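Data first, discussion second: the structure below is written as structure tokens.
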Amino acid sequence: MAENKKLKLAIYWAAACGGCDVAITQINEKILDLIAVADIVFWPCAMDFKYDDVRNMKDKEIDVCLFSGAIRNSDHEEYAKLLREKSKSMIAFGACACIGGIPGLSNVTTAKESLSRAYLEEPSAPNPDRVLPQLKTNVAEGELTLPVTWDTVHTLNQVVDVDYYVPGCPPTPALIATALDAIVSGQLPPRGSVIAGTKALCDECERVKKNEMRVSEFKAPWEIQIDPEQCLIEQGIVCVGPATRSGCGAQCPKVNMPCTGCFGPPEGVDDQGAAMLSAIASVVCPGADISPEAALDGLRDPLGTFYRFSLPASILRRVKTANKE
Ligand code: SF4
Ligand code: SF4
């Protein structure tokens, strides 16, 4: 492919941990195939680019933007909108961009309370002067500003139009390779597609041994000797597989860890947490010795378990607090 025909690829992160960027490097030698056909024109976490480099581009000059991270402050919103304007295809890359991810759990509180927790109450970060981040600070060189943190964390598609979704926390190397192959070959699926499976994770899970589904107590994985062949839910471990999209190869259940739901809900399911609650209710109720309420008492963090990655994309979206969005 001639040099001037190379695809232009942008990679950006908003409210993200950087794991999605690391995952891109984990495609190993496939990255050589990518750079043979694509120029990376913006990837500030890996190379020295300036925002003005993007501002100076023509609209739709970038072929594909891989955008990881949720949207939780004014900067994230500004750069999501800028990259959308400059990109032909916008891909929500990873759980945070697709469904809100771990940052979305702060939708149980407010920005003020989150900052207070991180800067004033966190025992591992002493702050004797009780200094909080200021939106404006004057220094000798001029005024420094910080973005405004929102009370509500948003998914990428709540802020800009998204063309494709690559789920996972982070997306698996196999899934990234599939997405990049589709980009490079121009064989992208219909707009709006999630590049993963469509069914629930249980569909591809190899834990085939299933007895009578009846659970009277929930436990953490380290509290029992796990049968490596039996469904984890049947063993009293909350596995979010029934309410999670397939496509990762059931990597967590394979190593005795329950699925935590990072691929988001399967096709046709609007609310992952509600679907999981319903799955749990169906295994507790029939013939169990205790009521669903009593069984759920053993569940240490229902909201953080059922909506660990998807609260901003759920019907609830956030916990209601007085005077909040
Ligand atoms: S999806 Fe997971 S790996 Fe990617 S930025 Fe969010 S928390 Fe990090
Ligand atoms: S609930 Fe979990 S362990 Fe059981 S079949 Fe589904 S994915 Fe596998």
Side-chain angles (χ1 to χ4, degrees), residues 11-26 45 66-72 76 91-106 153-156 165-173 175-176 179 194 196-197 199-215 218-219 221 224 226-266 272 275-280 282-284 305-306 308-313:
I11 303 171
Y12 190 64
W13 59 358
C17 72
C20 284
D21 296 88
V22 173
I24 293 170
T25 65
Q26 287 175 339
C45 124
L66 298 182
F67 194 106
S68 66
I71 309 293
R72 72 174 313 178
H76 302 152
I91 299 187
F93 188 72
C96 298
C98 291
I99 50 176
I102 297 294
L105 281 175
S106 61
V153 173
H154 294 268
T155 63
L156 182 60
Y165 300 82
V166 180
C169 182
T172 60
L175 214 56
I176 298 172
V194 180
K199 295 185 175 167
L201 183 69
C202 299
D203 205 58
E204 65 182 8
C205 178
E206 289 168 2
R207 288 179 171 269
V208 288
K209 200 163 107 190
K210 293 203 166 71
N211 300 325
E212 204 184 328
M213 292 286 267
R214 180 184 299 187
V215 178
F218 289 104
K219 305 177 198 90
I224 61 165
I226 295 174
D227 178 337
E229 290 176 4
Q230 190 182 8
C231 168
L232 292 166
I233 290 189
E234 289 202 347
Q235 299 182 64
I237 293 170
V238 178
C239 175
V240 188
T244 299
R245 184 180 288 272
S246 57
C248 65
Q251 292 185 20
C252 296
K254 236 178 224 165
V255 293
N256 283 348
M257 289 304 292
C259 168
T260 53
C262 71
F263 269 47
Q272 190 177 22
M276 192 56 210
L277 192 57
S278 149
I280 287 288
S282 71
V283 297
V284 168
T305 304
F306 299 154
R308 182 165 305 173
F309 295 91
S310 65
L311 186 55

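Just so we're clear, the structure is a prediction, and the values are computed from it rather than from any experiment. One-based numbering, in listed order, for ligands and for the atoms of each.
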Please could you name the atoms of ligand 2 that [X] approaches to less than 4.0 Å, counting only its heavy atoms?
X    : answer
C239 : 1 (S), 2 (Fe), 3 (S), 7 (S)
I233 : 1 (S)
R207 : 3 (S)

N/O/S atom of C231 under 2.8 Å from atom 4 (Fe) of ligand 2, yes or no?
yes

Do [X] and [Y] touch side chain to side chain, with heavy atoms closer than 4.5 Å?
X    : Y    : answer
V238 : I233 : no
F218 : I280 : yes
C248 : E204 : yes
C252 : L201 : no

Any residue meeting ring-ring contact (aromatic ring centres under 6.0 Å, His included) with F263, in chain and number order, not counting sequence neighbours
none

Qualifying residues under side chain to side chain donor-acceptor pair (under 3.5 Å), relative to S68, sequence neighbours excluded
none

Can you list the residues that meet the side chain to side chain donor-acceptor pair (under 3.5 Å) rule with N256, with sequence neighbours excluded?
R207

Report yes or no: does C202 have an N/O/S atom closer than 2.8 Å to atom 6 (Fe) of ligand 2?
yes

Report yes or no: does Q235 contribute a side-chain atom to a donor-acceptor pair with the main-chain N or O of D227 at less than 3.5 Å?
yes

Between S310 (side chain) and A313 (backbone), is there a donor-acceptor pair under 3.5 Å?
no

Here atom 2 (Fe) of ligand 1 sees protein N, O or S atoms within less than 2.8 Å, and their number is 1

For ligand 2, is there an atom lying under 4.0 Å from some heavy atom of P242?
yes

